Structures are given as structure tokens and as C-alpha cells.
Asks: 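Take a look at this one; I'll ask things after.
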2 protein chains.
Amino acid sequence: MKNRLKVLRAERDWTQADLADRLSVSRQTINAIEKGKFDPSLPLAFKAARLFNLRIEDIFQDDVDEPS
Amino acid sequence: MKNRLKVLRAERDWTQADLADRLSVSRQTINAIEKGKFDPSLPLAFKAARLFNLRIEDIFQDDVDEPS
DNA sequence: GCTAAAAGTAAAGCAAGCTTGACATCAATG
DNA sequence: CATTGATGTCAAGCTTGCTTTACTTTTAGC
């Protein structure tokens, strides 16, 4: 799962901590998601989409590979 | 988090087990999600969106309430 | 080169997503 | 009413998302 959080942050000049605050999660969570350590929950993805006024698919992209 | 899985299934005449198979999860997982027991993971939401050829937001709707 | 803010990383622990297995309920149909 | 397929539900266990605390590394300005 790739994501554009870093770019979206940069466009707004927000730090990881800034974004974490706005999404009500810890800074480490943002860092881990940006670094691909794990995927956000669906509710968190919705929060991000609302925050950036974008669709979930415009922020997070599925790495369409795993053939189950 | 509400969702339209039951309706989307009905339109295709699929059982919970059918959908579970197509999403490579257990039948109980589909049941639990439909009944609102828990939210799907983001990867699972993406899989469902691909399967139904819809956007995640067209399948799952955030219950926008919790003021953090 | 120092300093300070930002980003990265790691460990331990709790909560949520998901599994298997098993059983109960609810149609429908013969 | 007995059977069968679909749905609902529970328990135990594993994995993943997220937290806090704490420390290291990077970046940039002075």
C-alpha cells in the first residue's frame, strides 16, 4: 500500500506531528504509514480523505499484486 | 461505519460465503462486517472496491460523528 | 561545528481485524 | 415436520494497527 501523505504534507508545510494531531493519532503512526510499515485502518483512511478533501483512492494506492 | 455489502451481494445473488470466497476472507468476517461488528481493513476495502468496480466511499460510509 | 526541530526506529503492550471450529436460528421446500 | 442452505453468533488464538516512552539520525540555520 503506497500513499501520498508525505507529498500532501509538503504541499501544506506540515510536519508528521502536525498531521498526526489533525488525524488524532500518534506521530509514530504517521511515520509508520508513510514508511509503509503498515496500512492505516479504514476509519483513519476516511479521516485523511476528509482532511485533504480527497478520495481514499487518491491518497492510498493498493499494491495490486498478491493473487490471494 | 455502514456499508452496502448486503445490497451489492443481493444484486448479484451472492451468499456471504460467495463474497467471502471472492475476497479471500472467512464467511464470519463478511458477516461481522455486514453486521457492523468491526470495520474491514483498508486492503480488504480496496479488494471489495475492485470486486464491485466501485469506489471505497460508494461501498463503505463513515459514520461521521466522533469528535475525537 | 552547535543547536534544535524533524524524522526515523525500537520495544512493550493494548485494541482491532481476521481465522477456524462449532453450534443455533431462520427460511424455504419436499 | 424433516431437511438443507443461508445467516447469526461465540470462543480462542494469531496478526496487525496504534499507543507510549525513549533513543538515534537527519536536516537546516546560525
Side-chain angles (χ1 to χ4, degrees):
Chain A
M1 184 84 62
K2 291 188 171 184
N3 68 78
R4 305 208 313 123
L5 291 183
K6 190 171 181 175
V7 172
L8 293 169
R9 274 198 305 110
E11 288 174 352
R12 291 158 181 77
D13 200 26
W14 291 349
T15 65
Q16 292 183 342
D18 288 336
L19 178 55
D21 283 349
R22 290 176 203 257
L23 294 178
S24 306
V25 294
S26 70
R27 181 182 66 82
Q28 285 81 346
T29 291
I30 298 302
N31 187 286
I33 292 172
E34 285 193 2
K35 302 297 283 185
K37 297 269 181 69
F38 54 71
D39 301 322
S41 67
L42 185 55
L44 182 51
F46 264 101
K47 264 191 168 182
R50 279 205 305 276
L51 177 61
F52 291 117
N53 206 27
L54 289 173
R55 286 177 289 179
I56 289 178
E57 288 88 346
D58 293 331
I59 303 177
F60 303 96
Q61 292 101 31
D62 212 10
D63 292 337
V64 193
D65 27 16
E66 21 120 12
S68 138
Chain B
M1 184 85 61
K2 291 189 170 181
N3 68 79
R4 306 207 315 124
L5 291 183
K6 190 172 182 175
V7 173
L8 293 169
R9 272 198 307 111
E11 288 174 353
R12 290 157 181 79
D13 200 26
W14 291 348
T15 67
Q16 291 182 344
D18 288 336
L19 178 54
D21 282 349
R22 290 175 203 257
L23 294 178
S24 304
V25 294
S26 70
R27 181 183 66 81
Q28 287 83 341
T29 291
I30 297 302
N31 188 288
I33 292 171
E34 284 193 5
K35 303 295 284 183
K37 297 272 181 68
F38 55 70
D39 301 321
S41 66
L42 186 55
L44 182 50
F46 264 101
K47 265 191 168 182
R50 277 204 306 274
L51 177 62
F52 291 117
N53 206 27
L54 290 173
R55 283 177 290 178
I56 289 179
E57 288 88 346
D58 294 331
I59 303 178
F60 303 97
Q61 292 100 30
D62 213 9
D63 291 338
V64 194
D65 29 17
E66 21 119 14
S68 138

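Note that these values count all heavy atoms, side chains included, but never hydrogens, waters or copies made by symmetry. Letters go in sequence order (proteins before strands), and every chain restarts at 1. Everything quoted here is computed from the prediction, not taken from an experiment.
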Asks: Roughly how many Å is it from CZ in B:Phe60 to C1' in C:dG17, rounded to a whole number?
Replies: 13 Å

Asks: For the side chain of B:Thr15, starting at C-beta, report the closest nucleotide among D:dA6, C:dC18, D:dC18.
Replies: D:dA6

Asks: Let's see if you can work this out: which of D:dT19, D:dT9, D:dG17 has an atom nearest to the side-chain heavy atoms of B:Asn31?
Replies: D:dT9

Asks: If I take atom CG in residue A:Asp21 and atom P in nucleotide D:dC18, what distance separates them, rounded to the nearest angstrom?
Replies: 16 Å

Asks: Does D:dC18 have its OP1 or OP2 closer than 4.0 Å to a side-chain nitrogen or oxygen of A:Thr29?
Replies: no

Asks: Side-chain N or O of A:Lys35 less than 4.0 angstrom from OP1 or OP2 on C:dA7?
Replies: no

Asks: Report the residue (B:Ser41 or B:Arg9) whose heavy-atom-nearest nucleotide on DNA chain D is the more 5′ of the two.
Replies: B:Arg9

Asks: In Å, rounded to the nearest 0.5 Å, how long is the span from NZ of B:Lys6 to CG of B:Asn31?
Replies: 9.5 Å

Asks: Classify the side chain of B:Gln28 and the base of D:dT7 as holding, or not holding, a donor-acceptor pair under 3.5 Å.
Replies: no

Asks: Calculate the interatomic distance between A:Met1 atom CE and D:dT16 atom P; express it in whole Å.
Replies: 14 Å

Asks: Ignoring hydrogens, what is the shortest heavy-atom contact between B:Ile30 and B:Gln16? Give both atom names and the distance.
Replies: CG1-O, 4.0 Å

Asks: Compare every heavy atom of A:Lys47 with every heavy atom of A:Leu23, then report the nearest pair and how far apart it is.
Replies: O-NZ, 3.4 Å

Asks: Please give, in whole Å, the distance from D:dG17 P to A:Lys47 NZ?
Replies: 17 Å

Asks: Return the nearest nucleotide to the side chain of B:Leu44; candidates are C:dG8, C:dC18, C:dT19.
Replies: C:dC18

Asks: Check each of B:Val25, B:Leu19, B:Asn3 against B:Ile33 using the side-chain contact (heavy atoms from CB on, under 4.5 Å) test, and report the only one that passes.
Replies: B:Asn3

Asks: Atom CD of B:Glu34 and atom C1' of C:dG17: how far apart are they, to the nearest Å?
Replies: 16 Å

Asks: Rounded to whole Å, how long is the line connecting atom CG of A:Leu42 with atom C1' of D:dT16?
Replies: 15 Å

Asks: Separation of A:Gln16 atom CD from D:dT26 atom P, in whole Å?
Replies: 15 Å

Asks: Would you call B:Arg12 and B:Asp18 a salt bridge, taking side-chain N to carboxylate O under 4.0 Å as the test?
Replies: no

Asks: May I have the distance from B:Arg12 (atom CZ) to D:dA6 (atom C1'), rounded to whole angstrom?
Replies: 19 Å

Asks: Considering all heavy atoms of both residues, which atom of B:Ala49 and which atom of B:Arg55 are nearest to each other, and what is their separation?
Replies: CB-C, 4.2 Å

Asks: Which sits closer to the 5' end of DNA chain C, A:Asp18 or B:Lys37, going by the nucleotide each is nearest to?
Replies: A:Asp18

Asks: Go through D:dG17, D:dG8, C:dC18 for me and flag the one nearest to the B:Phe38 side chain.
Replies: C:dC18

Asks: Over all heavy atoms of both residues, which pair between B:Leu54 and B:Arg4 is shortest? Give the atoms and the distance, please.
Replies: CD1-NH2, 4.5 Å

Asks: Would you mind reading off the bend of the helix from C:dG1-D:dC30 to C:dG30-D:dC1 from its two end axes, five pairs each, to 10 degrees?
Replies: 40°

